[in-house]
Amino acid sequence: MRSAPAIHDTTDQPADRGFLIAGLRVKAPKIAPGLYLVATPIGNLGDITLRALETLAAADCIACEDTRVTRRLTERYGIEAKLLPYHEHNAAQARPKILDKLSQGLAIALVSDAGTPLISDPGFKLVREVCAAGLPVHALPGPSSVLTALTLAALPTNQFFFEGFLPSKQGARRARAGELARIGATLVLFESGNRIAEALHDLAAAMGEREAAICRELTKLHEEVRRGPLHELAAIADELETRGEFVLVIGPPPADSQQVSASDLDRLLTDMLQQTSVKDAVAQAAELSGRPRREVYARALELTKLSAADGEH
């Protein structure tokens, strides 16, 4: 078991080499040169680890996505560290500078705005180049919205597939949903509030009856988790609070399921027939459902007739 850091008189220690915890100033032990991947809280700042605080305080600088976000964390714990912006828009220019600092024997911490670095951010490119240069990389485990959502969803966790964000354009999103439907594992996806309803409808069209959970604002004051069949969650999608960050967890398909169910096929076809021609709807539905094209075409004609009959009444 790792021992806790000792509390020292810090009168002869620079302020940026320590941190505050429970109102006490703690001296941060010196760390070896290298790149440190530090997981930070996904919402509740109290979820930071002791090792993370030691490392952030001892590092020569902290590379972060948004300095304003990271500064809230460092100020909370009295850490006076130099913050270096590193995000998808400046990564190509910032990486050589970080590599140069590391080659000079500095210790640099890499953090994302929330959670574990390298998950849906450009950090992997930096780690790849640091490793290629033969420089040390250290990982500090901690908060992760992926794992937090999995533990709250009450769905199988023995196998899971992390997708990240779905495509923003509807056609590409529906195609990807169909591909994901064939994966025999629990699925974990990120989504933004302004696209959550559209994503749920498209996912339900491809996977309708599978169990799922909508996780919003995890670890924060207004944390919310809704569980149920995916098609039922999609039906109430327009009622959801859209502020905040979402993680969707979708349970695996039945073990003996190689095709979508008849009811799921109907939902998929009905949705597509409202958007495109019968020919295109059949082609897409056959591809996404795994069912024979002849069967899908016959069902599309039946649904079209039923819809026309309903329109006459």
**Asked** What do the steps show when you test Tyr86 against Glu65 for side chain to side chain contact (heavy atoms under 4.5 Å, CB included), and what is the final call?
**Response** CA-CA 5 Å; Tyr86 180 77; Glu65 286 187 85; over 6 Å; no
**Fill in**
Heavy-atom nearest pair, Ser103 first then Leu135, reads N-CD1, 4.1 Å
**Test item: Met207 and Pro253 side chains (from C-beta on) under 4.5 Å apart, heavy atoms** = no
**Prompt:** Could you walk me through whether Leu203 and Leu230 pass the side chain to side chain contact (heavy atoms under 4.5 Å, CB included) check?
**Reply:** CA-CA 8 Å; Leu203 289 166; Leu230 186 54; 4.0 Å; yes
**Request:** Rounded to the nearest 0.5 Å, what's the gap from CG on Leu301 to CZ on Arg299? Could you check?
**Result:** 10.5 Å
**Prompt:** Do Ile119 and Phe160 share a hydrophobic cluster, counting only Ile, Leu, Val, Met, Phe, Trp and Tyr and linking them when any side-chain heavy atoms are less than 4.5 Å apart?
**Reply:** yes
**Message:** Testing the basics here: between Ala58 and Pro29, what is the closest heavy-atom pair and its distance to 0.1 Å?
**Reply:** CB-O, 3.4 Å
**Greater than 12 external heavy atoms within 6.0 Å of Gln93's CD** = yes
**Request:** Scan for ring pair (Phe, Tyr, Trp, His ring centres under 6.0 Å) pairs involving residues 24-58, sequence neighbours excluded, and state none if there are none.
**Result:** Tyr36-His138
**Request:** Could you tell me whether Glu179 and Arg176 have a side-chain N and a carboxylate O separated by less than 4.0 Å?
**Result:** yes
**Message:** A side-chain contact here means heavy atoms from C-beta on lying under 4.5 Å apart; do Ile62 and Val38 qualify?
**Reply:** no
**Item:** Over all atoms of both residues, closest heavy-atom pair of Phe165 and Ser192
**Value:** CE2-N, 4.0 Å
**Request:** Any chance you could measure Gln275, atom CD, to Thr270, atom OG1, to the nearest 0.5 Å?
**Result:** 11.5 Å
**Message:** When you compare the side chain of Ile250 with that of Leu189, does any pair of heavy atoms fall below 4.5 Å?
**Reply:** yes
**Message:** Please report the interatomic distance CG(Leu56) to CD(Glu80), rounded to the nearest 0.5 Å.
**Reply:** 14.0 Å
**Message:** Are the side chains of Lys101 and Ile98 in contact, using a 4.5 Å heavy-atom criterion?
**Reply:** no
**Message:** With a 4.5 Å cut-off on side-chain heavy atoms, are Ile183 and Glu163 touching?
**Reply:** no
**Asked** Is it true that Glu302 and Lys305 make a salt bridge, defined as a side-chain N closer than 4.0 Å to a carboxylate O?
**Response** no
**Request:** Apply side chain to side chain contact (heavy atoms under 4.5 Å, CB included) to the pair Leu200 and Leu248, showing each step before the final yes or no.
**Result:** CA-CA 9 Å; Leu200 282 169; Leu248 303 178; 4.2 Å; yes
**Prompt:** If you count the non-hydrogen atoms of other residues, nucleotides and ligands that lie under 6.0 Å from CD in Glu232, is the total more than 12?
**Reply:** yes
**Asked** For the hydrophobic clusters of this structure (ILVMFWY residues joined by side-chain heavy atoms under 4.5 Å, transitively), does one cluster hold both Leu50 and Leu20?
**Response** no
**Message:** Between Ser144 and Thr116 (side chain of the first, backbone of the second, donor and acceptor by atom type, cut-off under 3.5 Å), is there such a pair?
**Reply:** no
**Prompt:** For the side chain of Asn90 and the backbone of Pro85, is there at least one donor-acceptor N/O pair under 3.5 Å apart?
**Reply:** yes
**Request:** Output every pair passing ring pair (Phe, Tyr, Trp, His ring centres under 6.0 Å) with a member in residues 228-247, not counting sequence neighbours, ordered by first then second residue.
**Result:** none
**Prompt:** Hey, does Leu180 have a side-chain heavy atom less than 4.5 Å from the side chain of Phe161?
**Reply:** yes
**Prompt:** Is the backbone of Ala181 close enough, under 3.5 Å, to the side chain of Arg210 for a donor and an acceptor to pair up by distance?
**Reply:** yes
**Request:** For the pair Arg173 (side chain) and Ser168 (backbone), establish whether a donor and an acceptor sit closer than 3.5 Å, ignoring hydrogens and angles.
**Result:** yes
**Asked** Looking only at heavy atoms, which two atoms of Glu191 and Ala199 are closest? And how far apart?
**Response** OE1-CB, 3.6 Å
**Fill in**
CG (Leu221) and CG (Asn44) are apart, to the nearest 0.5 Å, by 10.0 Å
**Message:** Suppose we screen for side chain to side chain donor-acceptor pair (under 3.5 Å). Which residues come up paired with Glu75, at least two apart in sequence or across chains?
**Reply:** none
**Request:** For the residue pair Ile79 and Leu53, establish whether any side-chain heavy-atom pair is separated by less than 4.5 Å.
**Result:** yes
**Straight-line distance of Lys125 NZ to Glu88 CD, nearest 0.5 Å** = 9.0 Å
**Request:** Answer with yes or no whether the hydrophobic clustering places Phe190 together with Ile214; edges join I, L, V, M, F, W, Y residues whose side-chain heavy atoms lie under 4.5 Å apart.
**Result:** no
**Request:** Test side chain to side chain contact (heavy atoms under 4.5 Å, CB included) on Val249 and Leu150 and set out the steps.
**Result:** CA-CA 7 Å; Val249 185; Leu150 273 171; 4.1 Å; yes
**Prompt:** Do Ile196 and Leu166 sit in the same hydrophobic cluster, where Ile, Leu, Val, Met, Phe, Trp and Tyr count as joined when their side-chain heavy atoms come under 4.5 Å apart?
**Reply:** yes
**Asked** Does Asp271 reach the main-chain N or O of Leu268 with its side chain, forming a donor-acceptor pair under 3.5 Å?
**Response** no
Pair up each side-chain donor or acceptor in residues 104-111 with any protein partner under 3.5 Å, not counting sequence neighbours, and list the distances.
residue : atom : partner : partner atom : Å
Gln104  : NE2  : Asp100  : OD2          : 2.8

**Request:** State which residues pass side chain to side chain contact (heavy atoms under 4.5 Å, CB included) with Glu241; sequence neighbours excluded, sorted by chain then number.
**Result:** Arg216, Arg243
**Single-linkage hydrophobic cluster Leu218~Val146, side-chain heavy atoms < 4.5 angstrom** = yes
**Message:** With salt bridge (Lys or Arg N to Asp or Glu O under 4.0 Å) as the test, pick out the partner of Lys220 among Glu224, Glu223, Glu217.
**Reply:** Glu217
**Asked** Just how far is it from atom OG of Ser112 to atom CG of Leu118, taken to the nearest 0.5 Å?
**Response** 9.0 Å
**Prompt:** For the residue pair Glu54 and Ala28, what are the closest heavy atoms and their distance?
**Reply:** O-CB, 3.6 Å
**Request:** Output all residues satisfying side chain to side chain donor-acceptor pair (under 3.5 Å) with Arg68, sequence neighbours left out; order by chain, then residue number.
**Result:** Asp66
**Message:** With a 4.5 Å cut-off on side-chain heavy atoms, are Leu147 and Phe162 touching?
**Reply:** no
**Request:** Work out which heavy atom in Gly142 is nearest to a heavy atom in Thr49; give both atom names and the distance.
**Result:** CA-CG2, 4.5 Å
**Prompt:** Are the side chain of Tyr77 and the backbone of Leu45 linked by a donor-acceptor contact shorter than 3.5 Å?
**Reply:** yes
